[in-house]
Each structure stands twice: as C-alpha cells, then as structure tokens.
J.: 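The structure is given below, and queries will be raised subsequently.
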There are 2 protein chains.
Amino acid sequence: MQMQVVNSLKAHGLKVTPQRVTILSAIEKKGHANIDEIYKEAKTTNPTMSLATVYKNITSLIETKLLKEVAINNQKSKYELSKEPHSHLICKECGSLEDIDSNNLFTLNNDKIDFDIEEVELNIYGVCNKCKDKGTSKN
Amino acid sequence: MQMQVVNSLKAHGLKVTPQRVTILSAIEKKGHANIDEIYKEAKTTNPTMSLATVYKNITSLIETKLLKEVAINNQKSKYELSKEPHSHLICKECGSLEDIDSNNLFTLNNDKIDFDIEEVELNIYGVCNKCKDKGTSKN
DNA sequence: GATATAATTAATAAAAATTATTATTTAGGA
DNA sequence: TCCTAAATAATAATTTTTATTAATTATATC
Ligand SMILES: [Mn+2]
Ligand SMILES: [Mn+2]
Ligand SMILES: [Zn+2]
Ligand SMILES: [Zn+2]
C-alpha cells in the first residue's frame with residue numbers, strides 16, 4: 001500500500017482506512033482535483049466508495065493540513081496534497097491549473113502590512129500554451 | 001439614481017433595470033459580498049427582488065467585466081466592482097476580506113513564465129487585527 | 001490472536017445552493 | 001406611443017453539500 005500516504009495519515013493522527021488511502025492517492029495522481037474528479041478517480045480503485053465519504057474526508061484532511069484547498073474563480077475548488085508554498089497558473093479557457101515555483105517568481109514587500117500572515121497565495125490567470133496554440137476552447 | 005452605476009451599465013451595453021442598479025449599489029456599499037449578502041442588502045431597497053435575479057445578474061455582470069469574483073478558501077465566493085488591480089487580506093478567523101494596494105506590495109518577476117498572463121491575484125490569508133486583539137473567533 | 005470500543009463508512013435522507021422554466025412585465029429603440 | 005427582445009418574479013428542477021443511522025472496521029489493550 002502507498003506507504004507514503006499511510007505514514008502521512010498516521011503522522012497526522014488519522015486512522016488509516018482504505019478510503020482515505022484511496023482518496024489521497026487519487027489526489028496525488030491528479031495533482032489537483034475537485035470533489036467530482038476525486039470521487040471518480042477513487043471509484044476506479046474502490047467502487048463502493050460513497051460520495052459522502054469523500055466530502056467528509058476532504059474536510060478532515062484539510063483540517064489536519066494534509067490537504068490544501070485551492071479556490072478558483074468560476075470553478076469548483078480543487079484540492080492538492082500539502083507541499084512547499086507555490087503559485088498556480090490557471091487557464092481561463094480550459095480551466096487547467098498547474099503549479100509554478102514561487103521562488104524567484106515574486107518578492108513580497110510586506111514591511112508595512114499590519115496583519116498576521118499565515119499564507120500567501122498567488123494565482124495567475126490567463127491562457128495556457130495548449131489553448132494559445134489551439135486557439136479553441138475546452139480540451 | 002446612482003448615476004455612477006447607471007452609466008457603468010450603459011457603458012457595458014446592459015439594460016438599466018432597477019434590479020441591476022440595486023445589486024451594484026449593494027455591492028458598492030459592502031465593498032465585497034457573497035450572493036446571500038448581496039441578496040439581503042438588495043432586498044432592503046427592493047423587497048420583491050428574486051434570488052434567481054441576483055444569480056443571473058451576477059453572472060452577466062461578471063461576463064461584462066463589471067464585477068469580479070473573488071474565490072476564497074473555505075467561504076462562498078465574494079464579488080466586487082471591477083477596479084484597479086489590488087490584493088486581498090483574508091482573515092481565517094472571521095472570514096473578513098479587505099483590499100490592499102498591490103503597488104509596492106510585491107514585485108512579479110515574470111521573465112520566464114511562458115503563459116499569457118491576464119490577471120494576477122494575490123490573496124494573503126492570516127488573522128486580522130480585530131481577531132488578533134479579541135483572541136476569539138467569529139465577529 | 002481475540003476483544004472492546006470509538007471512529008469510520010455506505011446508504012440514504014435532508015438541506016442548501018444553483019440553474020431552468022414560464023408567464024408577465026419592462027427598458028429602450030423606432 | 002408602440003413594439004419587441006430582454007429581464008423579472010415565481011416556481012420547479014437540478015445539483016451540491018451536509019446530516020442521520022445502522023453496520024463495519026481500525027486500533028488499542030489484553
Ligand atoms: Mn498546487
Ligand atoms: Mn477587492
Ligand atoms: Zn488552457
Ligand atoms: Zn478576523
């Protein structure tokens with residue numbers, strides 16, 4: 001079984017159930033996925049999995065910081081495994097989302113911000129190269 | 001009537017209906033608001049307004065770029081009048097959202113990004129001063 | 001390895017959010 | 001003022017999310 005995922009669950013004090021392993025593996029495979037994509041992918045491994053189980057686990061996996069939500073304009077939120085801070089390129093044509101390393105991407109000059117910063121999220125919307133080439137929509 | 005809002009609707013080729021004026025005025029008053037907040041505020045001016053009308057208009061106002069969606073982790077999307085690019089401070093305690101000027105806030109080093117950038121969105125999550133002081137949640 | 005127990009799950013119902021339908025009204029141009 | 005396409009209110013339908021509950025299961029303790 002996905003030792004990586006199993007250990008991660010244990011480390012975060014969550015019981016290791018096949019459903020959770022399946023859900024996390026599905027997200028890991030997809031990189032970023034919304035509820036429906038996770039559910040669909042998870043069912044290929046565990047066909048009896050209930051959608052309510054996906055919802056509940058997404059919630060607890062986020063609470064325990066194992067997952068991170070990525071809220072996106074004009075789409076359902078996607079979820080990803082927690083990892084190094086990074087930014088996202090989001091295509092307005094096809095909705096695709098990809099990671100982009102934040103190092104050297106931008107410099108935050110937060111000298112004068114009077115706010116306890118926990119997390120900085122940079123989302124860059126535009127047109128991905130695939131869509132730029134095709135000139136057409138939805139791929 | 002809100003001449004500002006009326007002209008804005010005309011300029012974007014949308015019919016000037018009292019419902020649209022009310023919706024835009026509500027958002028203008030609130031700064032940022034989700035569907036429910038818009039509906040509630042709008043009803044104080046126009047009690048017969050239908051929720052479906054709010055939904056449909058939000059969609060067309062976004063399509064015509066009069067409004068902008070602000071998708072937020074763990075909350076329903078908020079909407080604001082289109083204005084200068086800026087960033088947001090979002091409190092994880094109370095959910096409050098406030099504008100912050102992006103000028104001098106960060107520098108984007110986008111030399112090597114091979115992507116047609118249309119819009120850069122920087123969301124800073126953390127704890128607002130009100131919540132920091134109170135130490136407690138939900139205000 | 002067997003047992004106890006609290007957590008988790010599947011199935012389902014319920015609730016909340018969003019979109020579609022339709023008859024009526026209305027904004028804006030002729 | 002009149003016409004007409006667009007917009008609205010009311011409502012139904014659909015979709016999305018959460019709650020409930022009986023059965024199952026992971027894990028701690030023996
Ligand atoms: Mn990512
Ligand atoms: Mn704003
Ligand atoms: Zn694309
Ligand atoms: Zn706060």
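Here is how names work: the chains are called A, B, and so on, in the same order as the sequence lines, proteins then strands, and each is numbered from 1. Remember, it's a predicted structure, so these values are computed and weren't measured experimentally.
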J.: Can you tell me if the side-chain N/O atoms of Asn57(B) get under 4.0 Å from OP1 or OP2 in dT8(D)?
T.: yes
J.: Is the shortest distance from a Lys or Arg side-chain nitrogen in Glu118(B) or Lys92(A) to a carboxylate oxygen in the other one below 4.0 Å?
T.: yes
J.: Nearest 0.5 Å please: distance from the CD1 atom of Ile124(B) over to the CG atom of Asp116(A).
T.: 12.5 Å
J.: Of the nucleotides dA10(C), dA9(D), dT8(D), which one has an atom closest to the side chain of Arg20(B)?
T.: dT8(D)
J.: Without hydrogens or angle criteria, can the side chains of Glu69(A) and Ser77(A) be said to hold a donor-acceptor pair below 3.5 Å?
T.: yes
J.: Consider side-chain hydrogen bond (donor to acceptor under 3.5 Å, both in side chains). Of Lys78(B), Glu80(B), Glu37(B), which one does His32(B) pass it with?
T.: Glu80(B)
J.: Check the distance between dT8(D)'s P and Tyr39(B)'s OH and give it to me in whole angstrom.
T.: 14 Å
J.: Would you tell me if any nitrogen or oxygen in the side chain of Thr48(B) comes within less than 4.0 Å of OP1 or OP2 on dA9(D)?
T.: yes
J.: Go through the side-chain N and O atoms of Asn129(A) and Lys132(A) and say whether any donor and acceptor fall under 3.5 Å apart.
T.: yes
J.: Leu9(A) has an atom CG; how far is it from atom C1' of dT27(D), in whole Å?
T.: 14 Å
J.: Rounded to the nearest 0.5 Å, what separation is found between the CD atom of Glu121(B) and the NE2 atom of His88(A)?
T.: 12.0 Å
J.: Check the side chains of Thr59(B) and Asn57(B) for a donor-acceptor pair under 3.5 angstrom, ignoring hydrogens and angles.
T.: no
J.: Can you list everything that forms a side chain to side chain donor-acceptor pair (under 3.5 Å) with Lys29(B)? Sequence neighbours excluded, please.
T.: Glu41(B)
J.: Could you encode protein contacts along nucleotides 13-23 of chain C as a string, one character per nucleotide from 5' to 3', using B for base contact, S for sugar-phosphate-only contact and - for no contact, with a heavy-atom cut-off of under 4.0 Å?
T.: ----SBBB---
J.: Using a cut-off of less than 4.0 Å, is there contact between a side-chain N or O of Thr53(B) and OP1 or OP2 of dA9(D)?
T.: yes
J.: Taking atom types as modelled and ignoring hydrogens, do the side chains of Asn103(A) and His86(A) form a donor-acceptor contact shorter than 3.5 angstrom?
T.: no
J.: Check whether any side-chain N or O of Gln19(A) sits under 4.0 Å from OP1 or OP2 of dA10(C), and answer yes or no.
T.: yes
J.: In whole angstroms, how far is the P atom of dT17(D) from the CD1 atom of Ile58(A)?
T.: 11 Å
J.: Which letter, B, S or -, goes with each nucleotide of nucleotides 25-30 of chain C from 5' to 3', with contact meaning a protein heavy atom under 4.0 Å?
T.: --BS--
